Amino acid sequence: MNSMIPRRHFLAGSGLAAASALLGARPAWADDRAALAEEAFLWGVPLVLTGRYLKIAADAGLAFNRFYLSPDLATPQTRALGPQVDTLYGLGWIDLADGPQVISVPDTHDRYYSIQLLDAYADSFAYIGRRATGTKAGAYALTPPGYRGRLPAGVTEIKAPTSKVLAAVRTLVRSKADLPAARAIHGAYTLGPLSGYPKAQQPGVFRAESLNILPVVDLSKAGIGYFEELNRLVADYPPLAYDAPRLARFGSLGIGPGRQLSSDPAIIAALTAAIPAGLARIRMPKTNWTANGWSTRLDVTPFIQDPVARAATNLYGPGTQIAEEALYLSAQKGPDGEPLSGARRYSLRFPKGQLPPAGAFWSVGLYTKDIFLYDNEIDRYSITDRTDGLHFASDGSLTILIQHDRPADPNANWLPAPADHFLLTIRAYQPKPALLARQYQLPPLSLVA
């Protein structure tokens with residue numbers, strides 16, 4: 001298995017010139033072959049990563065059809081990239097080869113939770129949770145492709161596109177005092193085979209390292225073996241119908257279920273060169289809406305058909321939320337155009353009635369240049385709609401001060417920053433229509449003298 005990608009490259013973008021140069025001078029006919037090889041690489045990224053994650057899970061001793069849950073919120077010691085401190089996390093690899101598996105959830109009494117379901121191609125094909133299914137108790141049977149059986153009364157079917165499914169679990173924590181109650185709900189999600197339902201349901205397993213089970217995998221050194229992996233995996237997990245024409249075109253390269261890679265040296269060279277070229281494309285920043293210095297993607301959907309967009313969404317780990325579930329708006333530069341830095345002081349002012357329009361919750365989180373939480377003297381890693389002691393101005397506005405040194409005003413809403421570079425991310429869970437339709441814009445950052 002390849003080494004993990006350095007965290008500092010998480011948001012790195014790189015041009016195509018150097019990667020393209022690896023192809024060297026070639027006749028015009030080779031351009032089509034090179035383009036097809038690059039498309040095959042990009043198309044396969046989510047599936048190959050799933051194969052790697054399954055091996056990582058097996059090496060970590062994770063069993064199929066169990067939830068593995070984090071008992072605590074993330075801290076600066078958490079080694080997962082960009083963790084948030086709004087929810088408890090969890091995951092479970094679900095195997096449907098022997099039949100449906102049932103996910104049972106308790107009544108969360110309107111507390112936000114979600115169980116995001118991703119197929120082997122990292123499509124977020126379904127959700128269980130506050131937005132998608134409500135917060136009442138329920139039971140949901142994940143059924144494998146082609147399943148035609150009957151389900152018990154009170155069990156809702158969710159059709160899985162592939163026989164392996166990743167479930168990403170999130171449960172909102174409202175405050176430090178609320179952690180035990182959130183943990184109790186977090187541990188009440190159960191999994192079990194339909195054949196033994198309901199007696200066979202098993203609760204999740206709390207593991208402190210649950211946040212670190214899905215590391216960022218480096219594909220840059222994969223070599224031609226990447227496409228051999230892809231051939232094995234695509235045979236195990238047939239793609240959806242809309243991908244069949246694309247996969248048929250890859251047949252000329254020897255890529256597809258039951259195929260052997262071509263031994264033609266020109267094709268091997270094109271496939272090998274496609275890896276750095278493809279990685280250069282998907283490492284470019286991907287946003288489709290920028291306003292007042294904040295950028296986000298509104299095009300993350302349950303099934304992303306564009307290979308570049310789908311690969312970019314999953315290159316740094318599975319579980320990117322679809323836009324309707326959550327939006328992540330990021331800022332890396334200040335109003336002066338310079339990278340955000342603790343050498344300066346910033347303010348973020350929300351006028352009265354203009355807080356982020358989120359149906360579940362919002363937060364303003366700060367990360368170091370390595371995309372970790374910043375260890376600071378007041379143990380504050382974000383400011384949220386649940387932060388105790390927020391001070392609103394007499395006009396109803398909320399101002400957040402983002403700086404390295406402690407503000408002189410003891411009542412300031414201070415978000416501590418490191419002395420060097422950092423970045424900000426605003427999360428809006430269950431974003432309201434005004435945000436999804438770009439009618440609402442976050443306020444810009446301001447420099448403070």
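Since the model is a prediction, treat every value here as computed from it, not as a measurement. Atom set for the values below is all heavy atoms of this structure, side chains included, hydrogens, waters and symmetry mates excluded.
In this structure, a donor-acceptor pair under 3.5 Å is present between the side chains of Arg297 and Thr313. Judged by distance alone, the side chains of Thr87 and Gln84 do bring a donor and an acceptor atom under 3.5 Å apart. In the model, Asp395 has a side-chain atom that pairs as donor or acceptor with a side-chain atom of Ser397 under 3.5 Å.
Both the sub-6.0 Å distance and the 45° axial angle are not jointly satisfied by Arg130 relative to the ring of Tyr113. For the pair Arg66 and Phe64, the cation does not sit on the ring face, since its NZ or CZ is not both under 6.0 Å from the ring centre and inside 45° of the axis.
The OH atom of Tyr127 sits 6.5 Å away from atom OG of Ser114, with the distance rounded to the nearest 0.5 Å. Atoms CG and CG, on Asn292 and Leu329 in that order, are 11.0 Å from each other to the nearest 0.5 Å. Here the straight-line distance linking atom OH of Tyr237 with atom OG of Ser163 works out to 5.0 Å at 0.5 Å rounding.
Within the 4.5 Å cutoff, no side-chain heavy atoms of Thr135 are placed close to those of Arg111. Proximity of Asn413 to Ile383: side-chain heavy atoms (C-beta onward) are separated by under 4.5 Å at one or more points. Within the 4.5 Å cutoff, no side-chain heavy atoms of Asp299 are placed close to those of Thr301. The side-chain heavy atoms of Leu118 and Phe125, taken from C-beta on, include no pair separated by under 4.5 Å. Under the 4.5 Å side-chain criterion, counting only non-hydrogen atoms from C-beta, Ser446 is in contact with Ser347. Between Val165 and Asp95, the closest side-chain pair of non-hydrogen atoms is not below 4.5 Å. Here the side chains of Tyr121 and Pro161 are not in contact, with every heavy-atom distance at 4.5 Å or above. The shortest side-chain heavy-atom distance between Ile158 and Thr143 does not fall under the 4.5 Å cut-off.
With Ile115 as reference, Ile103 is the one residue of Leu91, Ile103, Thr171 to meet the side-chain contact (heavy atoms from CB on, under 4.5 Å) rule.
Proximity of a side-chain donor or acceptor of Tyr328 to a complementary backbone N or O of Gln321 within less than 3.5 Å is not detected. Looking at Thr50, its side chain does come within 3.5 Å of a backbone N or O of Ala120 through a donor-acceptor pair. At least one donor-acceptor pair under 3.5 Å links the side chain of Asn288 to the backbone N or O of Leu298. Using a distance-only test at 3.5 Å, with no hydrogens or angles considered, no donor-acceptor pair links the side chain of Tyr68 to the main chain of Trp93.
The minimum heavy-atom distance linking Leu172 with Asp178 is given by the pair O-OD2, 4.2 Å. The two atoms that bring Pro238 and Thr162 nearest to each other are O-CG2, 4.5 Å, heavy atoms only. For the pair Ala139 and Val102, the tightest heavy-atom approach, listed with the atom from each and the gap, is CB-CG1, 4.1 Å. Between Pro431 and Leu327, the shortest heavy-atom distance links the atoms CG-CG, 4.0 Å.
Residue pairs satisfying the ring pair (Phe, Tyr, Trp, His ring centres under 6.0 Å) criterion with at least one member in residues 424-449, sequence neighbours excluded, are listed as follows: Tyr112-Tyr429, Phe361-Tyr429.
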Next on the checklist: Applying side chain to side chain donor-acceptor pair (under 3.5 Å) to Arg170 and Gln116, what does each step give before you reach the verdict?
Outcome noted: CA-CA 8 Å; Arg170 299 170 176 87; Gln116 180 185 9; 3.0 Å; yes
Checklist entry - Passes side-chain contact (heavy atoms from CB on, under 4.5 Å), Leu398 versus Lys352? Steps please. => result CA-CA 7 Å; Leu398 176 71; Lys352 180 180 180 180; over 6 Å; no
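Ring pair Tyr374/His404 is tilted by interplanar angle, where 30° to 60° counts as tilted. The aromatic rings of Phe206 and His186 lie tilted to each other, with the angle between the two planes from 30° to 60°.
Not counting sequence neighbours, Asp388 has no partner by the side chain to side chain donor-acceptor pair (under 3.5 Å) test.
With salt bridges taken as basic N to acidic carboxylate O contacts below 4.0 Å, one links Asp243 and Arg310. In this structure, Arg183 pairs ionically with Asp72, as a charged nitrogen and a carboxylate oxygen lie closer than 4.0 Å. Between Glu39 and Arg246 there is a salt bridge, with a side-chain nitrogen of the basic residue lying less than 4.0 Å from a carboxylate oxygen of the acidic one.
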